Amino acid sequence: MIELLTQLGEKTRDSFTKLGRSSFFLMQIMAGTMDVLRRPALLSKQLYSVGVLSFFLISISGLFVGMVLGLQGYYILSNFGADEALGVMVATSLVRELGPVVGALLFAGRAGSALTAEIGLMKATEQLSGMEMMAIDPIKRIITPRFLAGIISLPLLTALFSSIGVLGGHLVGVEMLGVDEGSYWSQMQAALDVYDDILNGIIKSFVFGFVILWIALFEGYDAIPTSEGVSRATTRTVVNSAFAILGLDFILTALMFGDI
Amino acid sequence: MGNTVKQDTLVGLFVAIGIGALFFMAMKISNISGISDHESYTISAAFENSGGLKVKSPVVVGGVRVGRVVAISLDQKKFQSIVKMKIDAQYNQFPEDTSASIFTAGLLGEQYVSLEPGGMDDLLSDNSIIEITQSALVLEEIIGQFLFKDKNTETTKKE
């Protein structure tokens, strides 16, 4: 009984110290922002590995998600003779929910895990301590550029995902199933608002990018410097990011669209 | 060196496409170019019943969208619904005896305010109030009247 309590206490203390370390880590990242902005070459390199390399995954996924939405939406809406509203359905679900959430999940799997593994390995091979020996701050040199690159990339990738998804819905709904093209676009334009829908979706993706990058970089930086430790940290990045994205999505949706 | 240039080009392309997608969303998906907030004037109209009219519902004249509803409130003295509308500044030639009605687009579509220009020489200006209004058609009321009427005829037949 006492043992159980001791374990519980230990777990609690562990999670609190981890939270403390990660918050401190986040502040260190933020403190390095100005130094990175003075050296945009570092940022550009990370934008390549975080953003450009996720480009194809996101575009192809967006296309297929949009096409499936077009197909399923058409089957259901045509039951009610409302297949003109297909554009509204596809665009609303993509812009409000699927774009930010699925985009962020894919991004966590594609870029987040890679970042954790990269930084974990840097730590395991003592590259980070090597930098410190040379009086180079590894957080400013390694971590902050990746953090900023991720925060810039994810909203852009989300916008791409949603846009390609709408075009995919158009491809299936209008070109293949014969929904009227004019009503596809005009009903969509009438129903969606720049601030209420699109800006909120982009804000969501900013928040998700922030959280994914924070988790991924911290797990890598905090990993036990062995091959097993790095593999566990990579798994934790994907699992924790997924939880964080889905949980935050509910909270953000309730704040933005609902009257809870 | 060549490698960095190639990377920079791809990064530039990525950012450009991303921003392009943002523009596509703003212009094509949500039509930002519709009615903008700047350069408009406000008029209001008092309806007996504004039905399912909502904030942001369109205001049309002869089928052309000229503005949108910005506020709906209740006049506590007359118990009327006061609908405030923002009209785009380029449409400023409406006579003072313009009348406002609430119509429904299609049988179950969204409700909108339709303005019918009158014939007076004075023009509507900022903060004008439209006097002649026609309330929204509430479907339940019509159905209720219809059913009630039907029952009446049935009972008279029995007698």
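Keep in mind the model is a prediction, meaning the values are calculated, not measured. Chain A is the first sequence line, chain B the second, and so forth, proteins listed ahead of strands; every chain is numbered from 1.
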Exercise. Got B:Phe14 and A:Ser153 here, is their nearest side-chain heavy-atom distance under 4.5 Å?
Worked result: yes
Exercise. Measuring heavy-atom distances to chain B, does A:Leu53 have an atom under 4.5 Å in its side chain, in its backbone, in both, or in neither?
Worked result: neither
Exercise. Is the CG atom of B:Asp121 crowded by more than 12 outside heavy atoms at less than 6.0 Å?
Worked result: no
Exercise. Quick one: CG on A:Leu47 to CG on B:Leu10, what's the gap to the nearest 0.5 Å?
Worked result: 12.0 Å
Exercise. About how many Å separate CE of A:Met188 and NZ of B:Lys28, when rounded to the nearest 0.5 Å?
Worked result: 9.0 Å
Seminar exercise, completed: Of the listed A:Trp185, A:Phe161, A:Phe55, the one with the largest count of heavy-atom pairs under 4.5 Å with chain B is A:Trp185
For this session: Would you name the heavy atoms of B:Ile19 and A:Leu156 that are closest together and state the gap between them?
Result: N-CD2, 3.9 Å
Exercise. What closest approach, in Å, do A:Ile202 and B:Met25 show between heavy atoms, and which atom pair accounts for it?
Worked result: CD1-CE, 4.0 Å
Problem set entry | Shortest non-hydrogen contact between B:Ala21 and A:Ser163, atoms and distance | O-OG, 3.3 Å
For this session: Inspect the surroundings of CE in A:Met176 and state if more than 12 heavy atoms from other residues, nucleotides or ligands are less than 6.0 Å away.
Result: no
Exercise. Does atom CZ of A:Arg141 have more than 12 heavy-atom neighbours, drawn from other residues, nucleotides or ligands, at distances under 6.0 Å?
Worked result: no
For this session: May I ask you to decide if A:Tyr48's main-chain N or O and B:Gln7's side chain share a donor-acceptor pair within less than 3.5 Å?
Result: no
